Structures are given as C-alpha cells and as structure tokens.
Amino acid sequence: MHDLKLLRERPDALAAGMARRGKGDVHAPALARAAALEAERRRLIVAADERKAARNAVTAEVAALKKARQDAEAPMARSRALGEEIAALEAELAALEAALGDLLLGLPNLVVDEVPAGDETANAVVKSWGTPRPADEAHPHWVIAETLGLLDLPRGAKVAGSGFVAFRGVGARLVRGLMQFMLDLHTREHGYEEVWVPFVVNRQAMIGTGQLPKFEDDMYAVPGEGLFLAPTAEVPVTNLHRDELIDAGDLPRALCAYTPCFRREAGAAGKDTRGLLRLHQFDKVELVRYETPETARAALEALTRHAETVLERLELPYRRVLLAAGDTGFASAMTWDLEVWSPGTNKWLEVSSCSWYTDFQARRMNLRYRPAPGEKPRFVHTLNGSGLAFPRTIAALLEHHRQPDGRVRVPDALRSYLGADHLG
RNA sequence: GGAGCGGUGGCCGAGAGGCUGAAGGCACCGGUUUGCUAAACCGGCAUACGGUGGUAACGCUGUAUCGCGGGUUCGAAUCCCGCCCGCUCCGCCA
C-alpha cells in the first residue's frame, strides 16, 4: 500500500517505479484511475465536512434554544436537511473509497534503487559459497529417499493428493531434527525470539502482508470460516503486532517460528513436480524482523546471513541472488534469494527468499512506532526470510552428502538431533 | 453451543443524550526548586483525513475517531439492533 500523498504529489515517481518491474505499463490504468478517484475523494470530503461543520453549529443553536426553553423547530429542520445531504455525500464517498482501496491494494511495492530493473534475466548472483558437487542425475533425492525409506510419496498422495508427502522413520525424524536445529541456531546464536503461532489466518492478516487480495487463487481457504491456511509463517508472525504503536526502544524485534506452509500453486501444474521440489504443504522456519527505516537495509543483510548460516552449517553449497525488479515479489522492495545446489537435478533450488518490505506491509497492517517521546508515529519496516524451507534443503542434503555406499552423511551440526552420523 | 459481564487515549480508569477529544492517575516531554539523584510544584502531551499559510520544521483551521457496522435523534462514548473480541459459569470435547 502506498501513501496517498505520493499518488497525489508524485504520480510520475510511482509510475516510473512500477515500470521498473519490467511489465510495461500494466499498472498505468490503475494509477490513473486511482489519481482521479483521489481527486474526487478530496472534493467529497470538503463538501461533506462543510455540511458537518454547519450542522454542528446548528445543533449548538438547538441546544441553546432548548436550554432557554424556546422554540427550536427551525434550526432542527435545517439540521435534518443537512443530515440528508451529508448521508448522500458519505454514501458516495464510501463507495469511492472502497474502489480506491481496491486499486491501491492491488499495486505492488516500489523496489529500492539498488535493485536492477528488468525481468528475471536481470537477476544477479552476488555471492557463492562452497564447492558444488558435480551433477549426478542418476541419484536424485527422490530415489535416495525412497531407497533409504525416508519418504513415502504414493501414500502421501493417497491421503491428500499429489503434492502432499509422508516422511517415515528416519525421514520423519530428519524433519523434526531440522526444525529443532534451525530454531536453536536462530534463537541461541542469532538473537531471535521463538514464537509459535496459528497455522490459519484471517483475511485481514492476509491483506496485511500482501497475499490478498491479489493472490487468493493460490491460497487454501477454510470454507465458511473466513480463514486461510497460512502460506508462510510470514503471515501470522508479521501480523502479530498489527494495529500497534511500538515504542522505539522495542525496535528492532526479531522473531522466528516454525510452521507448515500451504500453497495451492494454482498456476504451477506440471512444473518441478518430482520428489520434494514443489509441494502443496511443506515445513519452514521463518525469520521476521521489525526495524526502523534507518536500520532496515543492514537488517536485510543480517537476516540473510542468518539464513545462509543454516546452509553453511549443513555444509551445502549455495549462492545468493539479487532479484531484479520484475522478479521481486509483490510486497517486497528488495529480495535476495538463496539457492542451494542440487546435484541430483542439476539445478540451483530456491530455499530462502529474504525480503525487505519497507513500509509497504506496515501501512496495510497499520503497524507504527514512535521514534522518540513526543515525535509523530512512523511506519515500521518489516523483513522476513526463510531460514530455511525444509523440502529442498532435504533434497540438497541427500544428494550432496550421498556417499558411494549409498548412505548419506549427516553434517556435524545435525548429528545430535538425529542421533546418527549417517542415514541408511 | 447456552448464560452473564465487559471492550474508552501509549497504559490504567471515570463518564450513562448537548457544557466530553473525552475527568483523574501512570508513563513521557519542558520548566521551577535542588550539591547530585529523588521528591514536590507549574506547564505540555492522541491519531487520521481535509482546507490554508510556509522551501521546510511547523502554524492556523475543519471533520472524524470511546471494539466494528447499522439504527433512533436536531444532536450518541452514552439509547436500540447485529457482529467481533475478552473474562466468568454451564454444556461438549483433544
């Protein structure tokens, strides 16, 4: 959500910013319409406010007359007439603001200057870590996992459909171990507060972080309840402080949470569907930060390092990719993806997306802070990133640490959680 | 699911048709006093959206806001209806 003042005073800047996302002027009609509605909105406010002021004056007259026990019928009639005009203007205003709100909620965030313009072909690898194991397409993770009995794809599909998986035995324990390992790392070494949150969220929360209204088709809805299965912990965790005014002394705040994530992936049928690459339900530990505008950029680097540390401890080669404007998510102003190397599929797999939302989400959530006593509230800057998503991490782990004897070496960091140094 | 009670500013808490953007307190800010701190005293202290003046910080001004949405009324924090949330009790339940 953008500041209406920006729409009014710098519509060109808004349009230019949207254009950097590389999809031509797709937002130009909405911007033009929003600007027109905004002008009309002000006209209606002025008209309505004038009449309200008049009514308030008339009402005071009535009170004075009544107190003096005099006839007040004339001002009462005037007030009634004003009331009807006000009601008509307000009805018009409400309809207009609803339309304007819909338009504004559908406009993406502006990216910051250091984000390259263009589509995903302009994405830039800014960092690499580790030595990727040569491609070994004979041993993709789904083969390794089924051979070792970690994963039961057919039975997952049996109970919920394709895109839902069952882990078994040591595989299930691996999931639990990853959850504990990641939460321990972020809480003990990176200073995050662990939270455990609802896995379903209401519509307002989904609007707050930007999933709605635009991406409703990708979400699982709970019929009749007005609820959605959380597509990422970003939604329940970031919305925890919705509609709050935070003391500056309480910033920054760093929260981390494990949650399952549910995504319909409505437009993705047939793409990367083997094994653990793309699921309707998966697990993730998420990092969320509330920052001031001054600290937010540095916090994005810090949060991304926290996610990278997970990969380093798991001894998995990865690279950091700065997303170009056109590939940057709807609500994000800047995103670094972390991609882990998957020798079994000969691909880099996205396992984390670390984003800085500037004040875009905070406006939608009405999440503010007071910089100093006596100063006016400002919107908080929000950030989040996976630290990490489990399935692709597991895929890379199995493929990368597979030994010639077919067993999988467990990295040191994970051994105490699994109680074993090998799988299989 | 049923019954009762409640939701007021950053926080606590009065108010029960007009004099209430809202008493009082806490917190916070400025000042007086003070060896320092504390205390005491004086003053200040909501937000949003408009209009207007200023490069701006901000000033002046209007409107709205007492959980949300409707209604009654010349006028609603206050009365009525619906909804949401919280607490207590009952029922059901892992």
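Quick caveat, the model's predicted, so the values are computed rather than measured. Numbered from 1 within each chain, the chains take letters A, B, ... in sequence-line order.
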Any N/O pairs under 3.5 Å between the protein and nucleotides 47-54 of chain B? List them or say none.
{"residue": "rU47(B)", "atom": "OP1", "partner": "R370(A)", "partner atom": "NH1", "Å": "3.3"}
{"residue": "rU47(B)", "atom": "O3'", "partner": "R368(A)", "partner atom": "NH1", "Å": "3.2"}
{"residue": "rC49(B)", "atom": "O3'", "partner": "R41(A)", "partner atom": "NH2", "Å": "2.5"}
{"residue": "rC49(B)", "atom": "O2'", "partner": "R41(A)", "partner atom": "NH2", "Å": "3.1"}
{"residue": "rG50(B)", "atom": "OP1", "partner": "R8(A)", "partner atom": "NH1", "Å": "3.1"}
{"residue": "rG50(B)", "atom": "OP1", "partner": "R41(A)", "partner atom": "NH1", "Å": "2.7"}
{"residue": "rG50(B)", "atom": "OP1", "partner": "R41(A)", "partner atom": "NH2", "Å": "3.4"}

Tell me whether R168(A) at atom CZ has more than 12 heavy atoms from other residues, nucleotides or ligands lying less than 6.0 Å away. no

Interatomic distance at P, rG69(B) relative to rG1(B), whole Å: 24 Å

Provide the Watson-Crick or G-U wobble partner of rG9(B), both distances under 3.5 Å; none if there is no partner. none

Would you please test R21(A) and H27(A) for side chain to side chain donor-acceptor pair (under 3.5 Å) and show each step? CA-CA 10 Å; R21(A) 284 181 175 265; H27(A) 300 292; over 6 Å; no

For the aromatic rings, using the six-membered ring if either is Trp, is the centroid distance between Y290(A) and Y369(A) under 6.0 Å? no

Any base atoms under 4.0 Å from N56(A), or only sugar-phosphate, or nothing? Heavy atoms, all strands. sugar-phosphate

Trace of the side chain to side chain donor-acceptor pair (under 3.5 Å) decision for E399(A) with H141(A): CA-CA 6 Å; E399(A) 294 171 5; H141(A) 64 273; 2.9 Å; yes

Round to the nearest Å and state the distance from R203(A) atom CZ to rC84(B) atom P. 16 Å

Identify whether the distance between the nearest side-chain nitrogen and carboxylate oxygen of E294(A) and R378(A) falls below 4.0 Å. yes

Taking atom P in both rC90(B) and rC29(B), compute the distance separating them and give it to the nearest angstrom. 48 Å

For rG18(B), the Watson-Crick or wobble partner whose two distances fall under 3.5 Å: rC74(B)

Quote, to the nearest angstrom, the P distance that separates rU32(B) from rG17(B). 46 Å

Mate of rC36(B) across any strand shown (Watson-Crick or G-U wobble, both atom pairs under 3.5 Å) is none

Roughly how many Å is it from CG in L367(A) to P in rG10(B), rounded to a whole number? 14 Å

For rC26(B) and rC87(B), measure between their P atoms and round to the nearest Å. 30 Å

Could you measure between the two C1' atoms, the one in rC49(B) and the one in rA14(B), and give it in whole Å? 29 Å

Once you round it to whole Å, what is the distance between C1' of rC84(B) and CG of D243(A)? 14 Å

Between rG9(B) (P) and E244(A) (CD): distance, integer Å: 14 Å

Whole angstroms only, please: what is the CG-C1' distance between L82(A) and rU73(B)? 15 Å

Pairs under 3.5 angstrom, nitrogen or oxygen only, protein versus nucleotides 18-20 of chain B, please.
{"residue": "rG18(B)", "atom": "N2", "partner": "T59(A)", "partner atom": "O", "Å": "3.3"}

Taking the P atom of each, how far is rG18(B) from rC79(B), in whole Å? 11 Å

Nearest-nucleotide check on RNA chain B, G83(A) vs A57(A); residue mapping nearer the 5' end is A57(A)

Taking a pair to mean Watson-Crick or G-U wobble geometry with both distances below 3.5 Å, rG1(B) pairs with rC90(B)

Taking the P atom of each, how far is rA57(B) from rA64(B), in whole Å? 27 Å

Atom pair distance, as rounded to whole Å: CG in D247(A) and P in rG9(B): 16 Å

Take the protein atom CD of Q204(A) and the nucleotide atom C1' of rC83(B), then report the distance between them rounded to whole Å. 14 Å

Should the pair E90(A)-R51(A) be classified as a salt bridge under the 4.0 Å nitrogen-to-oxygen rule? no

If the threshold is 4.0 Å, N to carboxylate O, is there a salt bridge linking R203(A) and E216(A)? yes

Go through T187(A) and E194(A) one step at a time and tell me if the side chain to side chain donor-acceptor pair (under 3.5 Å) criterion holds. CA-CA 6 Å; T187(A) 55; E194(A) 183 172 346; 4.6 Å; no

Taking a pair as Watson-Crick or G-U wobble with both distances under 3.5 Å, which nucleotide is matched to rU63(B)? rA48(B)

Checking base pairs now: Watson-Crick or wobble, both atom distances under 3.5 Å. What partners rG30(B)? rC42(B)

According to ring pair (Phe, Tyr, Trp, His ring centres under 6.0 Å), does anything in residues 294-314 of chain A pair up with another residue at least two apart or in another chain? List the pairs. H190(A)-H306(A), Y192(A)-H306(A)

Does A72(A) reach a base, just sugar-phosphate, or nothing at all? Heavy atoms under 4.0 Å. nothing

Salt bridge or not between R305(A) and E312(A)? Use side-chain N to carboxylate O under 4.0 Å. yes

Send over the distance from R242(A) CZ to rC84(B) C1', rounded to a whole Å. 12 Å

Salt bridge check, R320(A) against E301(A): does any charged N sit closer than 4.0 Å to a carboxylate O? yes

On a whole-Å scale, what distance lies between the C1' atoms belonging to rG10(B) and rC28(B)? 9 Å

